[in-house]
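Take a look at the structure below.
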Amino acid sequence: MLRFYDTLSREKREFAPRKDGEVSLYACGPTVYDVPHLGHARTALTYDILVRFLRWQGHDVVYVANITDIDDNIIARAQRENSTEPEIAATYEAEYIRQLDRLGIEHPTHRTHATDYIAEMIGVIEVLLERKMAYTLDSGVYFDVSELDDYGALVHRTADDLRETAMARVEADDEKDDPLDFALWKAAKPGEPTWESPWGPGRPGWHIECVAMALGILGPGFDIHGGGSDLAFPHHENERAEAVATGQPFANTWIHSAMINVGGEKMSKSLNNFTTLADILDNHDPRVLRLLMLQTHYRKTMEVNGDALAAAAQALDRFNAFDRSAASAGVVASTPDQAILDEVIEAMNDDLGTPKALATTFETVRAANAAIAANDLELAASLKATLDEVLSVLGLAPAESAGDDEDSAAIDALVAERDEARANKDFETSDRIRDELAAQGIVIEDSPTGATWYRKK
RNA sequence: GCGUCGGUGCCCGAGCGGCCCAAGGGAAGGGACUGCAAAUCCCUACAGUCGCGGGUUCAAAUCCCGCCCGGCGCUCCA
């Protein structure tokens with residue numbers, strides 16, 4: 001039985017898509033005004049795994065991931081760099097996608113852009129005004145929180161409670177009726193990009209984007225809404241408020257992925273303590289990051305640092321090493337072991353228990369290695385098939401062997417030369433060759449059938 | 001302050017009432033294999049107060065209460 005932890009009800013709930021076998025998912029993506037960091041990767045990875053798992057289990061998944069391509073930060077950067085908002089957004093969106101591609105994050109079914117849904121947003125705002133859930137001021141259109149009875153439900157606070165802290169920071173000239181009210185449409189300010197609307201030129205508020213896109217593409221009562229836990233308030237709370245206020249059911253399940261910390265503090269742009277994704281990916285096999293992240297449950301805050309990456313790199317090598325020894329032993333994947341697969345599925349069914357699934361995977365690697373050592377190739381072939389399947393679902397499948405670059409013939413020759421030296425007990429020569437290759441990042445592994453080599457990344 | 005999540009071995013990290021003298025990974029020690037390594041396998045040590053103190057229960061890391069500590073949210077944020 002598949003269960004997810006739902007932020008709204010605060011419990012693990014059995015997951016039943018509104019339409020049998022077809023899952024609708026909406027996950028908030030980034031505002032593209034800077035390069036992606038590790039935090040963006042963790043969130044994207046969470047939903048990537050969710051989608052991969054659901055598809056593996058036979059569900060069709062419609063996955064919408066948005067890109068916020070207009071907002072204060074983008075405008076500010078465009079002005080600072082004497083550029084334009086579309087240019088800034090396009091640049092960083094491309095970078096975001098490029099890095100996610102390296103991490104093996106699959107593309108969503110729809111990657112939507114806020115600026116492509118202005119008309120839909122206006123439509124939603126009109127409904128809200130008609131239903132008297134919003135009001136117009138000179139500075140824009142605002143959502144009227146007092147008209148809603150369960151505002152704050154997603155973060156388990158009462159409106160009064162939220163209002164109290166909000167009061168403390170309302171600016172004196174703020175003309176909103178209630179400090180909790182938030183903008184649906186922001187009236188044009190000089191120098192800012194604008195769109196026409198029934199309330200004059202302006203641009204949309206943040207939350208309305210997601211409502212328009214989620215409801216527009218997935219429809220009312222879609223299955224899952226995801227995002228980073230820092231978006232729960234105010235973003236998701238406000239999305240929910242808007243959607244509910246139109247009279248439509250919104251997300252059935254809310255999933256939030258936890259933050260990445262640096263030295264005990266949240267990694268973020270505003271704290272300027274972030275490590276860019278590119279930085280990590282330039283220096284590590286992308287699967288190292290993936291493995292590291294999947295070893296921690298998605299709802300638990302985690303720390304990413306050099307030690308953790310090194311440990312994950314070591315762990316990942318177990319998969320690689322098995323693949324090498326399977327290849328040299330001539331083990332070809334046969335039929336997966338259903339009992340092991342079931343164990344993995346059970347772990348994943350329980351709110352995406354990737355750490356547990358990986359534990360099973362590592363146990364399988366050991367068993368598979370042992371099978372090869374014991375020359376039980378039939379067992380090894382089945383375990384290899386099992387591993388191939390699981391690792392591919394988790395996005396950890398070994399990269400295609402890039403063995404035929406131009407140097408490989410030369411290396412083959414050296415390895416052969418070393419084999420010969422060893423046969424002649426000329427260990428001085430054989431060790432010299434091994435050291436030379438090691439200096440180039442090439443590792444030699446001896447086996448009864450002769451030496452093989454691979455590049456250490 | 002309020003809300004929320006968490007505090008498990010040397011490190012990371014599962015577990016969420018009995019199957020736990022607590023998974024898995026990393027690091028450590030020993031053995032096998034090897035000319036020596038690497039890889040692999042086997043074994044060992046490492047949690048025994050599972051933050052602290054109470055309580056519930058035949059039974060608690062797991063439930064309840066209180067306390068201490070930390071993260072996140074309450075402001076743009078993945």
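Every chain is numbered from 1 and lettered A, B, ... according to where its sequence line falls, protein lines coming before strand lines.
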Please verify the inter-ring angle class for A:F233 with A:Y151; under 30° counts as parallel, over 60° as perpendicular, anything in between as tilted.
perpendicular
Atom pair OG1 (A:T46) and CG (A:L352), whose distance is rounded to the nearest 0.5 Å:
8.0 Å
If you only use heavy atoms from C-beta on, which nucleotide in B:C2, B:U40, B:A78 is closest to the side chain of A:L231?
B:A78
Pairwise distance OG1(A:T112) to CG(A:N66) - rounded to 0.5 angstrom
5.0 Å
Rounded to whole Å, how long is the line connecting atom CZ of A:R290 with atom P of B:G25?
20 Å
Closest to the side chain of A:R422, out of B:C74, B:G35, B:A78, is B:G35
Pairwise 5' ranking along RNA chain B for A:G227 and A:D446, keeping only the more 5' one:
A:D446
Using side-chain heavy atoms (C-beta onward) and a distance below 4.5 Å, is A:V415 in contact with A:L437?
yes
Salt-bridge contact A:D446-A:R418 (side-chain N to carboxylate O under 4.0 Å):
yes
Taking the side chain as every heavy atom from C-beta outward, state whether A:L391 and A:F319 have any atom pair closer than 4.5 Å.
yes
Quick one: label A:A232 by what it contacts on the DNA or RNA (base, sugar-phosphate, nothing), any heavy atom closer than 4.0 Å.
nothing
What string of B, S and - do you get for nucleotides 6-20 of chain B 5' to 3' if you count protein non-hydrogen atoms under 4.0 Å?
-------SS------
Do you know the tightest heavy-atom contact between A:V393 and A:R52?
O-CD, 3.0 Å
Measuring to OP1 and OP2 of B:A27, would you say a side-chain N or O of A:Q314 lies under 4.0 angstrom away?
yes
Classify A:D317 by what it touches in the nucleic acid, base, sugar-phosphate, or nothing, heavy-atom distance under 4.0 Å.
nothing
Calculate the interatomic distance between A:L180 atom CG and B:C2 atom P; express it in whole Å.
19 Å
If you write RNA chain B from 5' to 3' in dot-bracket form, with Watson-Crick or G-U pairs under 3.5 Å, [ ] for crossing pairs and | for pairs with another strand, what do you get?
((((((((.[[[..)..(.....]]].(((((.......)))))......[[[[[..)....]]]]])))))))....
Salt bridge (charged side-chain N to carboxylate O under 4.0 Å, His left out) test vs A:D72 passes for just one of A:R203, A:K189, A:R77, namely A:R203
Taking only the C1' atom of each, what is the distance from B:A47 to B:A14 in whole angstrom?
14 Å
Quick check on contacts: within residues 36-44 of chain A, what sits under 4.0 Å from RNA chain B by heavy-atom distance?
A:H37, A:G39, A:H40, A:T43
Sugar-phosphate, base or nothing in reach of A:I444, heavy atoms under 4.0 Å:
base
Greater than 12 external heavy atoms within 6.0 Å of A:E378's CD:
no
Determine the contact category for A:F427: base if any of its heavy atoms lies under 4.0 Å from a base atom, sugar-phosphate if only primed atoms, P, OP1 or OP2 are that close, otherwise nothing.
base
Tell me the interatomic distance from A:E164, atom CD, to B:C2, atom P, rounded to whole angstroms.
10 Å
Positions of residues 254-267 of chain A (non-hydrogen atom under 4.0 Å from RNA chain B), listed by number
A:A258, A:M259, A:I260, A:N261, A:G264, A:E265, A:K266, A:M267
To the side chain of A:T31, which of B:C36, B:A23, B:A78 is closest?
B:A78
Of the nucleotides B:A23, B:C76, B:C36, which has the atom closest to the A:E363 side chain?
B:A23
Both A:A311 and A:R418 contact RNA chain B. Which one's nearest nucleotide lies toward the 5' end?
A:A311
Using the P atom as the reference point in each nucleotide, state the distance between B:C10 and B:C52 in Å, no decimals.
14 Å
In whole Å, what separates the P atom of B:G7 from that of B:G29?
30 Å
Going by heavy atoms closer than 4.0 Å, what residues in residues 365-388 of chain A are next to RNA chain B?
A:R366, A:N369, A:A370
What's the verdict on salt bridge (charged side-chain N to carboxylate O under 4.0 Å, His left out) for A:D6 and A:R13, showing C-alpha distance, side-chain angles and the deciding distance?
CA-CA 7 Å; A:D6 168 46; A:R13 287 177 27 209; 2.7 Å; yes
P spacing across the pair B:G9 / B:A61, given as an integer number of angstrom:
15 Å
Nearest-Å distance for atom pair CD/P, residues A:E237 and B:C2
20 Å
Do A:S229 side-chain and B:C72 base share a donor-acceptor contact under 3.5 Å?
no
Let me check something: any side-chain donor-acceptor pairs from residues 257-266 of chain A under 3.5 Å, sequence neighbours excluded? List them with distances.
from	atom 1	to	atom 2	distance (Å)
A:S257	OG	A:T43	OG1	3.4
A:K266	NZ	A:D230	OD2	3.1

Distance between C1' atoms of B:U8 and B:G70 (Å, rounded):
15 Å
Give the rounded distance in Å between these two atoms: CG of A:D160 and C1' of B:G1.
16 Å
Ionic contact status for A:D435 with A:R432, cut-off 4.0 Å
no
Give the C-alpha distance, both sets of side-chain angles, the deciding distance and a yes or no for side-chain contact (heavy atoms from CB on, under 4.5 Å) between A:R240 and A:L8.
CA-CA 10 Å; A:R240 191 175 159 273; A:L8 183 58; 3.8 Å; yes
When rounded to the nearest Å, what value does the distance between P atoms of B:U62 and B:U56 take?
15 Å
Span that lies between the C1' atom of B:A37 and that of B:A32, in whole angstrom
15 Å
Taking the side chain of A:R157 as heavy atoms from C-beta outward, which of B:C2, B:A78, B:U40 is closest to it?
B:C2
On the 0 to 90° scale, with breaks at 30° and 60°, tag the A:H256-A:H236 ring pair as parallel, tilted or perpendicular.
tilted
If the plane angle is over 60° it's perpendicular, under 30° parallel, otherwise tilted; pick one for A:F222 and A:H225.
tilted
P gap between B:C74 and B:C67, integer Å
25 Å
Provide, to the nearest angstrom, the distance between the CZ atom belonging to A:R163 and the C1' atom belonging to B:G3.
16 Å
Under a 4.5 Å cut-off applied to non-hydrogen side-chain atoms, are A:E343 and A:K356 in contact?
no
Side chain of A:H156, heavy atoms from C-beta onward: which of B:C74, B:A27, B:G3 has the nearest atom to it?
B:G3
Please report the distance, rounded to the nearest Å, between CG in A:D426 and P in B:C36.
16 Å
Distance-only donor-acceptor test, A:R318 side-chain atoms vs B:G25 base atoms, 3.5 Å
no
I need the A:W185 CH2 to A:I118 CD1 distance, nearest 0.5 Å.
5.5 Å
Rounded to the nearest 0.5 Å, what separates atom CG in A:D48 from atom CE in A:M293?
12.0 Å
In whole Å, I'd like the distance from the OH atom of A:Y92 to the P atom of B:A78.
14 Å
B:A37 base to A:R434 side chain: any donor-acceptor pair below 3.5 Å?
yes
Can you tell if the side chain of A:R324 reaches within under 4.5 Å of the side chain of A:V443, non-hydrogen atoms only?
no
